[in-house]
Amino acid sequence: MAPVDAPWEDKMTTFLTRRTALLAAATCAATLGLTAIAEAQTSIKIGYAISRTGPNTGGAAVTTIPNYELWVKEVNAAGGIKLGDKRVPIEVVQYDDRSNAEEAVRALERLINQDKVDFILPPWGTGLNLAVGPTLNREGYPHLAATAVTDRAPELAKRWPNSFWLLGTSADAAKTLVELLNKLRDEKKIGDTVAMVSIADGFGIDLSSAARPALTNAKFKLAYDKSYPIGTQDLAPIVNEIKALNPDVFIAFSYPPDTLALTEQSRIAGLNPKVFYTGVGTAFPLYRQKFGKNTEGVMGIGGWSGDSPAIKDYLARHKAAAANGAEPDRWASAVTYASLQMLQQAIERVGKIDRAAVIKDLQTGTFDTVIGKVKLENNMPTRYWWVGQWQGGEFYGIAPAKNEGARTAIVPKPAWVAP
Amino acid sequence: MTNAILTGLMLGGMYALIAMGLTLQYGVARIMNLSYGEFLIAAAFASHWLFTGWAISPFVGLALVVPLAFVLNFAIYKLLLTPLVRRAPNRDALEVDSILATFGLTFIIQGSMLALFGGAYYSYSFLAFPVQFLGETVAANRLAALGITILLGLALYAALTRTRAGTAVRAVAVDPFAAQLVAINVPQASALTFALGGALVAAAGVLVSTFLTFSASSGVVFTMKALIVVVMGGVGNMLGCLVAGLALGLSEALVASYVDPGLTLAVNFALFLAVLLVKPAGLFGRATR
Amino acid sequence: MTARVAGFGAAALTALALLALVPRLGNAYYLALAISLLQYTVLATAWGMFSGPTRYVSLATTAFFGVGAYTVAVLGEILPWPLVLLIAAALGAIVAGIVGLSTLRLSGVYFVIFTFGLTELIRQLVVWFEVNKSRVLGRYVFVDITQADIYWQLLALTAAVFLLGWLIARSRLGFALRVIGEDETVAKHCGINTTFAKVALFTISATVMTLVGAIMAPRWTYIEPSIAFNSMISFQVLIMALLGGAHRLWGPVLGAVPLTLLFELLSARFPNTFTIILGCIFLLIVYMLPRGVAGLLEKLSTTAGGKTRQRATA
């Protein structure tokens, strides 16, 4: 324990009332968790608190945990991170935040004050990344948020200059989608009726409220526009109603369980629009595993340059390293891995554990990652994949079209087939 | 309209199916089982494993998973819960103890599933094709689940009302102390009923896994849904369980089709609360106090 | 008697003064842990205040906690802080009053599940309102409140709750509640207004929970329904209070403190097998401590006076 605590502890024992005794117990228990302070020269201590239980587990287990583990394994296999002229291995300290904002904040405070970690990897999801933002900012740790989509990202990057918002804003996502639809309509590939559903959660609401004005301004006809609560177990009424409207475009800003349920129900009800777009989960390997041939032509949020050698190599390494050969999702996984590469390159360029210098390097440097060359502007990347599409069993980025490796969209989507 | 009602019936059937086992465990064996949903998810994982790993159809899987769940739940009751039943001076004390003990059990089962399968979502396709039923297109797996629910419900109802063992079980549900006086082996009847409840929730888990996406941490959703259906119908009442399940399912489907899908769950809870305000012991329950 | 009260009061004041020094340690982690401990201490004690004597098991803790947190999310940046707290407390009291009047005729498990349903209903309505009316889900709270401020507010609330509980226990209300807990019919026959007594206590307990939610909200920057209305809070508080022993005012704290520390220790030491170990420890506690920690302490120091003891149950 730090020497500063000692006199306080002495004082405590003299007043052994019940409540002070309890606090003493608290202190002891906390001390138990203390591990020896590592010397910066022999290892780099990296800590993270991630959702291993609770509602966030599904997302964290696909996108975040495998990439953190893969990266640590690879870096250590190569001898570690290069500090000056020698390599030092990574030592990991990890906690479970139980999908709870309060636990996430406290776990980080513990990593910083008790474990004295050198760097911190962020939790999964928008809500938790925002919850830990002030703490990381106060303590001056770089915060590479790779799984948060928020419209306040530019403002937050200004407020917390140590934070980097790598997945972009929902307004941008909705804008890109509408631009793509506009182009398809100009090419006379689709008409102008759109049906939109969204999950009643931060993600769905942000995206739908950005898409709504964009669609109306582009003179699309919004035939259906509703939200449904998290935990809805039968989406058939929604799909049936939309089918009766016979739209050209179906947009669902959904979460993984409902992405699967909406796709399944659409296939059963025979809802076969020219553009079929679903939200988080479309880019998951589970989606292909479940729908097989029927994935062809399905669009979803995210995507990657599936033809690039770096991505192909990353996919192979991820499969080899992950438990039972799990594949990464085709969106935030690659971004998460890239964020770790950026962190490593920044540390190596600085050459020592100097968090302020690492933050500076992240703000200004150029990085070579699996998603290509990344150079941040105002703490955010300049290009994102916003719309992807399953084509021949792989999920490719199709919009924005100016991105390197963007494929042409298959429109209309082929009709559903019997499984 | 037919479509919304049909969807509602299928959804309601699923709710009733999920809740049937709990109404036995809670109404008869007097165990407020908070780990109920975890058992459901465990059965769903078993079915997923059998189907994807061994190509065993979930219907065959039922024949494997359900007896196994029966034995497992019997053992749990005998080993873990009997000591609590013995030491409890009254029903209230047993309720608190069983809440605490099964809450601990929840962690153990969930932790084991996380260790075995990880936290990711699981889903597979079985009978995932459209069928025509009463002139409407519905998913075959949901329809099959409804059919099996009805069969299970009828079989259970017959067993409870037409057989000697069933009569004993109903007697225990009404009054465990008086049941003893008429030479019913109450501990044995309770253990068997708890195990039967466990077998039912395993059946529910297998059927639900054919059309819902699940993960190791989604058990609590089903526990709460089951509790709501059980309480709304009246604890220990099979018919109440069915009616409450169907009412919730129908209201959800009708609200989604004619009002706003965003309000489905709010209406569900409002309906539940309204029933309790009018009938404090549930639709078919007897006043206890 | 008076000397004992005075002595106890002095000890409590000393403890309070010492605890107020925690933020001076300059270690953000100890402060965070202390905040957690106080949060659960207040919630569990407030829960026990109502559920202990009346034996109604409530799962509505989250509902009130969430109402408090959301009040801050909506008004935190607009109004001065004390006013926000006052509005939060008033809202909590109003909701609790309405709920109390309409639900307290339910008994046993019906009340348990009703309170759970109520929490979900409030959450669904907040979501629906935010989605369809204000069109934002997830609000940002940037208010100028430090961690130490949160801690001190919670500490003051803790002191207030214990003082309040002590006063109630000595008042006519406390006596009425004990009679109700023993036998409600008898209480009615004695001319006790049972409804008033129960609703009053429910409202007091709920107002405290609402305040905890409001005080904690600035800690997370970002509030969304799944954070504010996290139903795990209800369960954790219930378990803590039952484990400590809800039949004594000081019982719940004996469950809240060790359990918070246990959660903390396990999630740090065994992040992967955390849940399994926690479950096993839980079962052990249930079998070894049938009457809660308070029951164990009472057994160890069986004091004279032959006080009637009972276990708080539904």
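Each chain gets a letter, A, B and so on, in the order the sequences are listed, and its residues count up from 1.
Using a distance-only test at 3.5 Å, with no hydrogens or angles considered, a donor-acceptor pair links the side chain of C:Thr115 to the main chain of C:Leu59. A donor-acceptor pair under 3.5 Å is absent between the side-chain atoms of B:Arg30 and the main chain of B:Ser98, judged by distance alone. Of the possible donor and acceptor atoms, one in the side chain of C:Thr203 sits under 3.5 Å from a partner among the backbone N and O of C:Val199. Side chain of C:Tyr40 to backbone of C:Leu259: no donor-acceptor contact under 3.5 angstrom is found.
Under the side-chain contact (heavy atoms from CB on, under 4.5 Å) criterion, B:Val85 pairs with B:Ile31, B:Tyr77, B:Leu94, sequence neighbours left out. Qualifying side-chain contact (heavy atoms from CB on, under 4.5 Å) partners for B:Ile41, counting only residues two or more places apart in sequence or in other chains: B:Phe45, B:Met113, B:Phe214, B:Ser218, B:Phe222.
Neither the backbone nor the side chain of B:Met232 comes within contact range of chain C, judged by heavy atoms closer than 4.5 Å. Contacts between B:Leu80 and chain C at a heavy-atom distance below 4.5 Å involve backbone atoms as well as side-chain atoms. C:Leu238 touches chain B through its side chain: at least one heavy atom from C-beta onward sits under 4.5 Å away, while N, CA, C and O do not.
By a heavy-atom distance cut of under 4.5 Å, B:Leu263, B:Leu265, B:Ala266, B:Phe269, B:Ala270 are the residues of residues 263-270 of chain B near chain C, going up by number.
The greatest number of non-hydrogen atom pairs below 4.5 Å with chain C, out of B:Gln110, B:Met224, B:Met32, is found for B:Met224. Chain C forms the most heavy-atom pairs under 4.5 Å with one residue out of B:Val230, B:Thr106, B:Leu227, B:Leu34, and that residue is B:Leu227.
In this model, no donor atom of one side chain and acceptor atom of the other lie less than 3.5 Å apart for B:Gln25 and B:Tyr36.
Pairs engaging residues 229-247 of chain B under the salt bridge (Lys or Arg N to Asp or Glu O under 4.0 Å) rule: none recorded [sequence neighbours left out].
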